[in-house]
Structures are given as C-alpha cells and as structure tokens.
Enquirer: 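There's a structure below that I have some questions on.
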There are 2 protein chains.
Amino acid sequence: MTEHSHDAEETGREPAEKLPPRRRMANELRDDINNEVYRPGELLPSQRVLADRYGVARNTAGEAIKILESEGLIDSRDRARPRVRERRRLLRLGAERYSNRLREETGKSPFRSEVEKQGKTPRVDCPSIEKIRPPGYVAERLGISADEAFVVRRENWYFADEEPVQIGITYIPWEIAEGTVLATSANMGKGSLYGRFEDQGHRITSIREEISSRMPTPEETEGLKVPAGVPVIDVVHTGIDQDEQPFEVTHFTMRADINGLDYRIRIED
Amino acid sequence: MTEHSHDAEETGREPAEKLPPRRRMANELRDDINNEVYRPGELLPSQRVLADRYGVARNTAGEAIKILESEGLIDSRDRARPRVRERRRLLRLGAERYSNRLREETGKSPFRSEVEKQGKTPRVDCPSIEKIRPPGYVAERLGISADEAFVVRRENWYFADEEPVQIGITYIPWEIAEGTVLATSANMGKGSLYGRFEDQGHRITSIREEISSRMPTPEETEGLKVPAGVPVIDVVHTGIDQDEQPFEVTHFTMRADINGLDYRIRIED
DNA sequence: TGGTATAACTGGCTTAAGCCAGATCTGGCT
DNA sequence: AGCCAGATCTGGCTTAAGCCAGTTATACCA
C-alpha cells in the first residue's frame with residue numbers, strides 16, 4: 001500500500017498479513033489505482049517489473065493483474081501492456097425513446113440522437129430478417145403459441161463510431177408483419193420501426209421493460225467486443241398498443257461499460 | 001452471431017485446432033453444461049480427474065474452470081468441488097413499488113411482498129443513520145450544494161432467507177429529515193419510508209431511475225456474498241414530489257443473480 | 001445410534017522454467 | 001521525411017512439483 005497503511009484501515013478488508021501474495025498485490029495495486037498513483041488511461045509497468053517490485057514470481061503478478069481485470073479496473077488488449085481503464089460516459093437510454101411525439105418531430109431514432117449527443121457517429125445494421133417460431137419467453141410475452149405461431153425476427157446491431165455497443169432482436173407476430181416492410185426490409189423509412197407499427201394500427205401506448213444483468217457469453221464477448229470484467233445488460237422490452245395488446249418484443253443486449261438506462265416514471269396514484 | 005452456416009459446428013466459434021488448451025477445454029465443458037451433460041446443481045469431476053480426461057495439467061484444468069466461473073456458469077465455494085450454477089428466479093422489482101395506493105393498502109414494503117411471493121422470509125436491516133455531506137452525484141440530483149448542505153444517510157441491507165440480496169443507501173436533505181424519525185429511527189412505522197415523506201408534505205409523484213451494471217468491488221463481493229462471475233446492478237433512484245422537487249435519492253446495489261427490474265411504463269404521447 | 005477423530009481428497013496458490021506471438025522500439029536506409 | 005526490417009520486450013499460456021487449508025468420507029467408539 002502507499003501512505004495509508006498501518007493498523008487503522010479505512011476499507012473493511014482482511015488483515016494484509018495472511019493474504020495470499022496475489023491478493024495482497026491486487027489490493028495494493030487497486031489502492032494505487034483508486035488513489036490515482038496509476039491514472040486512468042495510463043500503462044501499468046510490465047509484469048516482470050511489477051513482480052520484482054512486489055517480490056513475487058511473474059506468474060503471480062499476472063494473476064494479480066487478472067484479478068483487477070475481472071473487476072473491470074484494468075484493460076488488457078491481447079498482448080499489449082495493461083492499461084488502467086477509463087470510466088466511460090454512458091449512453092443513457094430511457095423510455096422517452098418510445099415517445100410518439102418525439103418520433104414524429106425528429107423522425108430520428110433515439111439511439112441515434114443519444115449517440116450524436118456524445119459527438120459520435122451512430123450506425124445501425126440489420127444483418128438478418130427471418131420468419132421463425134418464437135422462443136418461449138417471447139411467445140409468452142406476445143400472448144401467442146410457441147408451437148403454432150410464427151414471428152418475424154429482426155436482428156439489429158448498434159454502433160457508435162464503428163464500435164459495437166448493443167444488439168437488439170425484435171420479434172413481431174407474423175400477422176402484423178406480413179406483407180409489410182417489417183417482414184422484408186432493413187430500412188424502416190420515416191418514423192422508423194414504430195412508424196410502421198402505427199401504419200398497421202398499433203400505436204405504442206405502454207411498454208414493459210424487464211432488466212437483468214450477467215456476464216457475456218463468448219459469442220457476445222467477441223461480437224460486441226466486450227472487454228474482460230464488463231457485464232452485459234439484458235432488456236426484454238414489450239411494446240403494448242392502445243388496446244392493451246402486446247405487438248412486439250425486443251431483446252436488447254448491451255455492453256454495460258457503455259450503456260445505461262434512464263427512466264423517468266410518473267407514479268399513477 | 002447467428003447465421004452459423006458451415007458443416008458441423010453449432011456455435012460460431014474459432015477453429016478448435018489452434019485454441020490454447022485451457023480455452024478448448026473450457027469450450028468443451030461449456031458445451032457439456034449447456035447440453036446438460038452436467039446438470040445445474042451437479043458437482044463437476046475434480047480438477048485432477050478432468051485434467052486427465054482432457055489431457056492437460058491440473059493447473060490448466062483449473063484455469064479452464066476459472067474461465068467458466070468468470071462467465072457465471074460455475075460456482076466454486078472456496079475449497080469445495082465446483083458446482084454447475086442453477087439459474088435462480090429473480091426478484092423482480094418495478095416502479096409499482098412506489099405506488100401510493102399499494103402502500104396505503106398493504107402497508108407493506110414492496111421488497112417484502114416480492115420476497116414473500118417466492119416463499120422466502122424477508123428482512124431489512126438498517127445498520128446506520130448519519131448526518132453527512134452528500135456525495136457529488138447525490139447533491140446534483142437533489143439540487144443542493146455538496147459543500148454547504150447536509151443530508152441524512154440511511155443505509156439499508158435487504159435479505160431473503162438471511163441471504164443478502166441488495167443494499168440501499170438513502171439520502172434525504174437535512175431540512176426534510178430534521179426532527180423526524182427519518183433522521184433518527186430505523187423503524188419507519190406504517191407506510192414505511194414514503195409514509196414519512198408524506199407526513200412532511202412530499203408525496204411521491206414521479207421517479208427517475210438510472211440503471212447501470214458493473215462487477216462488484218471486493219467489499220461488495222464480501223458483504224453481499226456475490227459469487228464469482230456475477231455482476232451487480234446499480235440503481236440511482238430519485239424521488240420527486242408534487243411540486244417537481246426531488247426530495248430523496250436512494251442508491252441501490254443489487255446482486256444480479258438474484259435481482260432484476262421490471263418496469264411497466266405508460267408512454268405519454 | 002450418534003458422534004467424532006482421522007485419513008483421504010479437493011481446490012487455492014505459488015514458484016520456476018520456458019515457448020510463443022503479437023507489440024513496440026530502434027536504427028538504418030531510401 | 002518516410003519507411004521498414006529486425007531486435008527486443010510484453011503478456012499468454014503451459015507444465016510440473018509442491019505446500020497448505022478447508023471438505024468430505026470413513027471407520028471406529030461410546
């Protein structure tokens with residue numbers, strides 16, 4: 001540790017004495033990072049140097065670094081020197097992204113405006129549109145049968161400055177999508193997705209968003225380029241129309257180091 | 001990650017040939033877990049046995065297991081045999097937990113009812129109430145000065161069947177809390193926290209919830225008993241009264257393997 | 001039967017030596 | 001100035017041997 005060693009500890013941590021070396025070293029490094037001895041964005045000394053400095057084997061130094069990496073404090077891009085991770089500004093996505101008024105005024109998707117707000121260039125890619133049987137949880141939310149009904153599955157990838165930030169998979173009952181661009185075209189035209197739903201007589205009136213978080217699968221790690229020690233946020237979104245009928249489910253998977261959610265909700269009674 | 005064409009592989013993963021042994025082994029184990037060769041809750045064979053079976057050193061087998069652990073697939077309690085993690089039912093907390101009507105009808109906190117819905121016993125602990133200067137982000141949201149104003153800081157720990165599930169730290173402007181139980185007592189009486197705010201003339205009218213996710217700090221790992229490979233969800237909640245004034249900020253930190261969020265939101269135009 | 005001491009086993013963790021591929025630097029050349 | 005080849009450095013990853021502390025099973029005893 002640095003200046004603040006001694007008996008009276010401010011963090012409620014175990015006695016440093018009997019900690020295994022890699023943990024002791026991880027703790028000291030962590031403190032140094034938090035106290036900005038190593039500043040965000042800065043390179044850490046090499047494993048060999050650190051190993052020397054802390055009196056452990058190189059392997060052990062590597063283990064200590066791995067611990068901090070898994071805590072999301074350090075970024076190790078393949079074989080390059082590890083860097084102290086910088087806290088990034090989050091894209092804050094909220095419920096107002098579904099506002100009918102906003103959509104009609106700007107004609108722009110809320111993802112785009114949020115990204116542009118950070119001076120970055122948004123891009124949305126729609127690599128696949130298929131007609132399939134819905135996954136169970138989707139059928140459930142749409143109130144249809146997973147065995148008998150069909151849905152259109154639209155896969156969307158969202159980028160900011162060509163960096164992948166989230167995936168959204170939208171499921172639309174076949175009855176609604178049939179014969180429209182919803183079932184065929186990546187380009188949704190003015191008013192985007194919800195504009196087309198409105199054409200079909202489904203005006204978004206309320207939504208349900210179920211949020212959870214977990215570590216990414218290897219596929220997600222690769223596809224979204226999720227750094228080590230960073231979770232993903234799952235949002236299962238259900239769009240509900242003026243007749244209280246669900247007409248669309250979208251499953252978002254977002255990198256948690258880039259995305260956050262921001263809801264402003266009126267408490268009815 | 002989908003259009004996995006080609007011959008035999010079902011996952012779009014790298015060619016198995018040139019993968020480092022630990023990764024190859026991790027991939028095989030992961031597939032076996034996903035295909036329920038090893039079932040949720042089941043014990044994995046010991047590292048020594050697995051090492052033999054996959055033709056690697058014991059250390060390497062341990063590394064492979066660590067990979068799956070960091071993905072949240074496996075649970076290793078200290079020196080006991082690793083177990084395939086069971087997906088747990090989530091406590092689903094939503095905005096209706098602030099419903100004034102609900103509160104008045106049941107007089108029961110929404111955390112309690114949600115936990116009881118799962119047949120478990122809820123407990124809320126309030127280990128500390130202090131008068132302090134607010135952290136920057138809290139002052140900002142309360143519209144007060146971080147240097148001049150004071151707040152009451154109430155720390156709450158939430159348990160289900162004596163298992164810690166989340167922490168909530170509530171900040172209340174001193175002007176509001178002064179001279180009330182808000183500033184002094186762990187026990188909030190009928191209608192709980194928001195009942196007392198109403199006594200002070202602040203009826204909750206809307207809320208803002210800012211959600212993000214990250215890996216837990218070592219303190220959180222220990223305090224919340226967060227298993228390896230499990231993130232936490234941060235919710236910064238701001239309560240806003242009938243005059244559009246923020247009157248309370250609560251910062252929740254929840255284990256992501258137990259907690260989820262569930263919002264039903266009316267889209268106002 | 002119930003409890004407990006003990007033995008066998010398990011994962012945690014370290015060291016040391018070493019190979020490799022990618023990153024980065026350096027100095028020389030055009 | 002710009003480029004580039006090669007040398008050097010770095011982390012990734014493996015093996016092997018080994019100690020330790022906690023877990024678990026066994027066998028024995030009251």
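Letters A, B, ... mirror the listed sequences (proteins, then strands); counts begin at 1.
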Enquirer: Can you identify which nucleotide, out of C:dT14, D:dT14, D:dT15, has its nearest atom closest to the B:A57 side chain?
Expert: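 Nearest nucleotide to the side chain: D:dT15.
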Enquirer: Using a cut-off of 4.0 Å between protein heavy atoms and nucleotide atoms, how would you tag nucleotides 17-25 of chain C 5' to 3' with B, S and -?
Expert: BBB-BS---
Enquirer: Please report the distance, rounded to the nearest Å, between CG in B:D75 and P in C:dG12.
Expert: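 Taking atom P of C:dG12 as the reference, CG of B:D75 is at 11 Å.
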Enquirer: Rounded to whole Å, how long is the line connecting atom CG of B:L43 with atom C1' of C:dG11?
Expert: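 My rounded result for the distance is 13 Å.
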Enquirer: Starting at CZ of A:R23 and ending at C1' of D:dA21, how long is that distance when rounded to a whole Å?
Expert: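 That distance rounds to 14 Å.
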Enquirer: Below 4.0 angstrom from OP1 or OP2 of D:dT15, is there any side-chain N or O of B:T60?
Expert: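 B:T60 to D:dT15 OP1/OP2: side-chain N or O found under 4.0 Å.
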Enquirer: Taking CZ from B:R22 and P from D:dA16, how many angstroms apart are they, rounded to a whole number?
Expert: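 Going from B:R22 (CZ) to D:dA16 (P), I get 16 Å.
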Enquirer: Using atom CD of A:E63 as one end and atom P of C:dG12 as the other, report the distance to the nearest whole Å.
Expert: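 From A:E63 CD to C:dG12 P: 11 Å.
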Enquirer: Quick one: B:M25 CE to D:dT14 C1', roughly how many Å, whole number?
Expert: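 About 14 Å, once rounded to whole Å.
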Enquirer: Between A:D262 and A:L93, is there a donor-acceptor pair closer than 3.5 Å when you use the side chain of the first and the backbone of the second?
Expert: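 No; judged by distance alone, with no hydrogens or angles, the pair does not exist.
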Enquirer: Atom CG of B:L44 to atom P of C:dG12: distance rounded to whole Å?
Expert: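 Checked: the CG to P distance equals 12 Å.
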Enquirer: Between B:V49 and A:P21, name the one whose nearest nucleotide on DNA chain C is closer to the 5' end.
Expert: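 Nearest-nucleotide comparison on DNA chain C picks B:V49.
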Enquirer: Working to the nearest 0.5 Å, report the span between CD of B:E209 and CG of A:L261.
Expert: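 Between B:E209 CD and A:L261 CG, I get 11.0 Å after rounding to 0.5 Å.
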Enquirer: How long is the line joining CZ of B:R24 and P of D:dC13, in whole Å?
Expert: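 Nearest whole value for this atom pair: 14 Å.
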Enquirer: Atom CZ of A:R214 and atom CG of B:L73: how far apart are they, to the nearest 0.5 Å?
Expert: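 Rounded to the nearest 0.5 Å, the CZ-CG separation comes out at 10.5 Å.
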Enquirer: How far apart are the C-alpha atoms of A:D75 and A:R85, what are their side-chain angles, what is the distance that settles it, and do they pass the salt bridge (Lys or Arg N to Asp or Glu O under 4.0 Å) test?
Expert: CA-CA 6 Å; A:D75 208 357; A:R85 181 167 296 164; 3.3 Å; yes
Enquirer: Taking the side chain of B:P82 as heavy atoms from C-beta outward, which of C:dG11, D:dC13, D:dT15 is closest to it?
Expert: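 That would be C:dG11.
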Enquirer: Within less than 4.0 Å of OP1 or OP2 of C:dC9, is there a side-chain N or O belonging to B:Q47?
Expert: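 Checking B:Q47 against C:dC9: no side-chain N or O falls below 4.0 Å of OP1 or OP2.
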Enquirer: In a check of side-chain contact (heavy atoms from CB on, under 4.5 Å) between B:I233 and each of B:R255, B:Q166, B:M254, which one passes?
Expert: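 The passing option is B:M254.
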Enquirer: Only pairs at least two apart or in different chains count here, so list each salt bridge (charged side-chain N to carboxylate O under 4.0 Å, His left out) that has a residue in residues 60-73 of chain A.
Expert: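 Qualifying pairs, neighbours excluded: A:R22-A:E63, A:R30-A:E71, A:E63-A:K66, A:E63-B:K66, A:K66-B:E63.
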Enquirer: Specify the closest pair of heavy atoms between A:F111 and A:R123, including all atoms of both residues, with the distance to one decimal.
Expert: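 Shortest heavy-atom separation between A:F111 and A:R123 comes out as CE2-O, 4.1 Å.
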Enquirer: Take the angle between the ring planes of B:Y137 and B:H251 and call it parallel below 30°, perpendicular above 60°, tilted in between.
Expert: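 Plane angle over 60°, so perpendicular.
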Enquirer: Which atom names give the shortest non-hydrogen contact between A:R88 and A:D257, and what distance separates them?
Expert: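 In this case the closest contact between A:R88 and A:D257 is CB-O, 3.7 Å.
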Enquirer: Compute the angle between the rotation axes at the two ends of the helix from C:dT1-D:dA30 to C:dT30-D:dA1, each taken over five pairs, rounded to 10 degrees.
Expert: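 The angle separating the two end axes equals 30°.
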